[in-house]
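None of the values given here were measured: they were computed from a predicted structure. Sequence lines set the chain letters: A, B, ... in the order given, protein chains first and strands last, and positions in each chain run from 1.
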There are 2 protein chains.
Amino acid sequence: MEYNEAKEKFINAWGSLATQWGINRAMAQIHALLLISTQPLCVEDIMEELQISRGNVSMNLRQLMDWGIVYKDVKFGERREYFNTQKDIQELARIIVTERSKREIQPTIRLLQEVSSIKGNGSPESNEFKKITSEMYEMAKAADDIVNKVVTQKSNWLTSLLIKILR
Amino acid sequence: MEYNEAKEKFINAWGSLATQWGINRAMAQIHALLLISTQPLCVEDIMEELQISRGNVSMNLRQLMDWGIVYKDVKFGERREYFNTQKDIQELARIIVTERSKREIQPTIRLLQEVSSIKGNGSPESNEFKKITSEMYEMAKAADDIVNKVVTQKSNWLTSLLIKILR
DNA sequence: TAAAAGTTTCAGAAATATTTGAAATATAAT
DNA sequence: ATTATATTTCAAATATTTCTGAAACTTTTA
């Protein structure tokens with residue numbers, strides 16, 4: 001496979017995979033492009049490469065910045081804004097895991113906490129409901145604990161997790 | 001909060017959360033309903049409770065069965081099919097993690113494996129591409145290893161993982 | 001201060017994903 | 001073999017999400 005072919009394949013496939021993860025295609029593609037780029041890119045560059053509109057690029061760059069994985073990179077003497085991404089893959093993954101936990105596990109925990117703590121009316125249905133949602137709540141908290149512990153260990157978090165699991 | 005209110009809230013919120021995880025609302029709601037139900041339900045029951053069409057229920061039950069978290073539960077002397085779900089929450093989570101890994105991590109690994117192993121033409125762009133995608137590949141493999149190790153440890157996998165991480 | 005160069009916003013258009021409902025298919029009872 | 005009961009399929013309808021493009025806005029330069 002040629003470099004150009006591989007690059008195109010990577011960006012396209014990454015976009016498709018992302019939709020499965022509940023992340024939108026353009027956002028994933030923009031991020032993929034910044035990741036493999038040798039220098040920061042401006043909005044025009046991204047529009048050009050991915051053949052998408054200015055508005056789309058602007059909105060998705062904002063989202064990527066909200067996620068904390070893309071930064072504005074000011075060039076001296078240049079008017080235009082350039083964008084760059086976290087290139088350290090371990091650190092990138094750490095940020096993404098932290099962020100997804102904040103956006104997905106935490107609301108789930110709140111919901112389960114709330115519904116599992118209802119008074120209940122003693123009916124079998126109400127008892128089963130409390131039982132199952134409480135178990136789910138405990139489980140979600142355990143998952144959250146694990147993520148937090150793993151993720152606050154800055155460098156090489158993945159490798160050291162692997163080592164812990166293997167022994 | 002009343003039981004009925006809590007039940008409705010749980011099913012609705014679960015459906016919304018699911019869309020964030022890339023899972024469709026009806027599928028998540030059907031699963032939630034089976035989880036908290038005291039007995040297996042037939043298609044009619046589900047249609048009734050969630051106010052969705054027969055076709056929708058049928059298609060999503062099939063998907064849940066493909067995921068391995070919902071089963072047909074034959075009642076003797078009954079024509080109709082009844083559906084039930086894995087009620088052990090730890091085991092349920094184990095299946096879901098395994099299945100998502102199979103459906104999401106593995107295709108990702110294959111992609112990264114493929115694009116990172118191109119010949120390259122020596123240009124800085126091609127070198128950067130190989131470097132980044134190789135790092136992503138290594139990272140995805142490590143994540144996959146961790147998931148496999150954790151998930152093959154049948155019972156209490158989450159708790160024992162937590163213990164390992166804490167010490 | 002006005003023009004230039006760039007960025008953001010957002011209403012409507014387009015693309016995707018989900019859902020419906022009725023016909024086709026399957027299975028069981030008579 | 002026929003009827004009754006239940007399930008599955010899939011084309012069309014609906015709903016949701018994403019994207020576009022032009023206007024509004026912001027910042028810099030002259």
Side-chain angles (χ1 to χ4, degrees), chain A residues 11-34 40-67 70-85 103-104, chain B residues 11-34 40-67 70-85 103-104:
Chain A
I11 291 174
N12 283 331
W14 204 253
S16 304
L17 286 167
T19 61
Q20 280 203 296
W21 312 330
I23 287 163
N24 105 334
R25 165 179 258 94
M27 180 169 155
Q29 289 188 333
I30 291 170
H31 184 239
L33 182 61
L34 290 173
L41 303 178
C42 68
V43 173
E44 296 279 345
D45 296 334
I46 298 170
M47 288 169 64
E48 170 84 3
E49 280 268 12
L50 302 179
Q51 290 292 304
I52 57 181
S53 73
R54 187 177 298 282
N56 198 358
V57 172
S58 172
M59 284 186 303
N60 284 112
L61 279 173
R62 161 193 284 287
Q63 283 220 72
L64 287 163
M65 288 188 288
D66 288 348
W67 271 68
V70 163
Y71 328 106
K72 278 186 186 166
D73 217 356
V74 185
K75 280 196 191 177
F76 282 110
E78 276 262 22
R79 175 72 174 281
R80 200 174 317 199
E81 293 176 324
Y82 285 81
F83 298 89
N84 205 351
T85 186
R103 290 162 193 246
E104 294 171 18
Chain B
I11 291 175
N12 284 329
W14 203 253
S16 305
L17 286 167
T19 61
Q20 281 202 296
W21 312 329
I23 287 164
N24 107 332
R25 165 179 258 94
M27 180 168 156
Q29 289 188 334
I30 292 170
H31 184 240
L33 182 61
L34 291 173
L41 302 177
C42 68
V43 173
E44 297 279 345
D45 296 335
I46 298 169
M47 288 170 64
E48 170 85 2
E49 280 269 11
L50 303 179
Q51 290 291 305
I52 58 181
S53 72
R54 188 178 299 283
N56 199 358
V57 172
S58 171
M59 285 187 303
N60 283 112
L61 279 173
R62 163 195 284 287
Q63 282 220 73
L64 287 163
M65 289 188 287
D66 288 348
W67 271 68
V70 163
Y71 328 108
K72 277 186 187 168
D73 218 354
V74 185
K75 280 195 192 177
F76 282 111
E78 274 263 21
R79 174 71 174 283
R80 203 175 313 203
E81 290 175 325
Y82 284 81
F83 297 89
N84 205 352
T85 186
R103 290 161 193 249
E104 294 170 18

Rounded interatomic separation in angstrom, taking [atom1] from [X] and [atom2] from [N]:
{"X": "A:Leu64", "N": "C:dT8", "atom1": "CG", "atom2": "P", "result": "13 Å"}
{"X": "A:Phe83", "N": "C:dT8", "atom1": "CZ", "atom2": "P", "result": "6 Å"}
{"X": "A:Asp66", "N": "C:dT8", "atom1": "CG", "atom2": "C1'", "result": "13 Å"}
{"X": "B:Lys72", "N": "C:dA26", "atom1": "NZ", "atom2": "P", "result": "13 Å"}
{"X": "A:Lys75", "N": "C:dG6", "atom1": "NZ", "atom2": "P", "result": "13 Å"}
{"X": "B:Gln63", "N": "D:dT9", "atom1": "CD", "atom2": "C1'", "result": "14 Å"}
{"X": "B:Met47", "N": "D:dT5", "atom1": "CE", "atom2": "C1'", "result": "14 Å"}
{"X": "A:Arg62", "N": "C:dG6", "atom1": "CZ", "atom2": "C1'", "result": "15 Å"}

Practice prompt. Name the closest nucleotide to the A:Asn24 side chain, picking from D:dC19, C:dT8, C:dT19.
Written response: D:dC19
Worksheet entry | Residues in contact with DNA chain C, drawn from residues 49-61 of chain A - heavy-atom cutoff 4.0 Å | A:Arg54, A:Gly55, A:Ser58, A:Met59
Discussion item. Among A:Ile11, A:Leu50, A:Thr85, exactly one meets side chain to side chain contact (heavy atoms under 4.5 Å, CB included) together with A:Ile30. Which residue is that?
Written reply: A:Leu50
Discussion item. Is it the case that D:dT27 (base atoms only) and A:Arg79 (side chain only) share a donor and an acceptor within less than 3.5 Å, ignoring hydrogens and angles?
Written reply: yes
Worksheet entry | 4.5 Å side-chain heavy-atom contact, A:Tyr82 and A:Arg80 | yes
Discussion item. Could you tell me if the side chain of B:Glu81 sits less than 4.5 Å from the side chain of B:Val74, heavy atoms only?
Written reply: no
Worksheet item: Distance from B:Cys42 atom SG to B:Leu61 atom CG, nearest 0.5 Å?
Response: 10.5 Å
Worksheet item: Can you check side-chain contact (heavy atoms from CB on, under 4.5 Å) on B:His31 and B:Trp67, steps first, answer last?
Response: CA-CA 11 Å; B:His31 184 240; B:Trp67 271 68; over 6 Å; no
Worksheet item: With a cut-off of 6.0 Å (strictly less than), are more than 12 heavy atoms of other residues, nucleotides or ligands near CZ of B:Arg62?
Response: no
Discussion item. Can you tell me if B:Glu104 has over 12 outside heavy atoms packed within less than 6.0 Å of its CD?
Written reply: yes
Discussion item. Closest-nucleotide mapping onto DNA chain D: is A:Ala26 or B:Glu81 further toward the 5' terminus? I mean the 5' end.
Written reply: B:Glu81
Fill in: Residue whose closest nucleotide on DNA chain C lies nearer the 5' end, A:Thr19 versus A:Glu44
A:Glu44
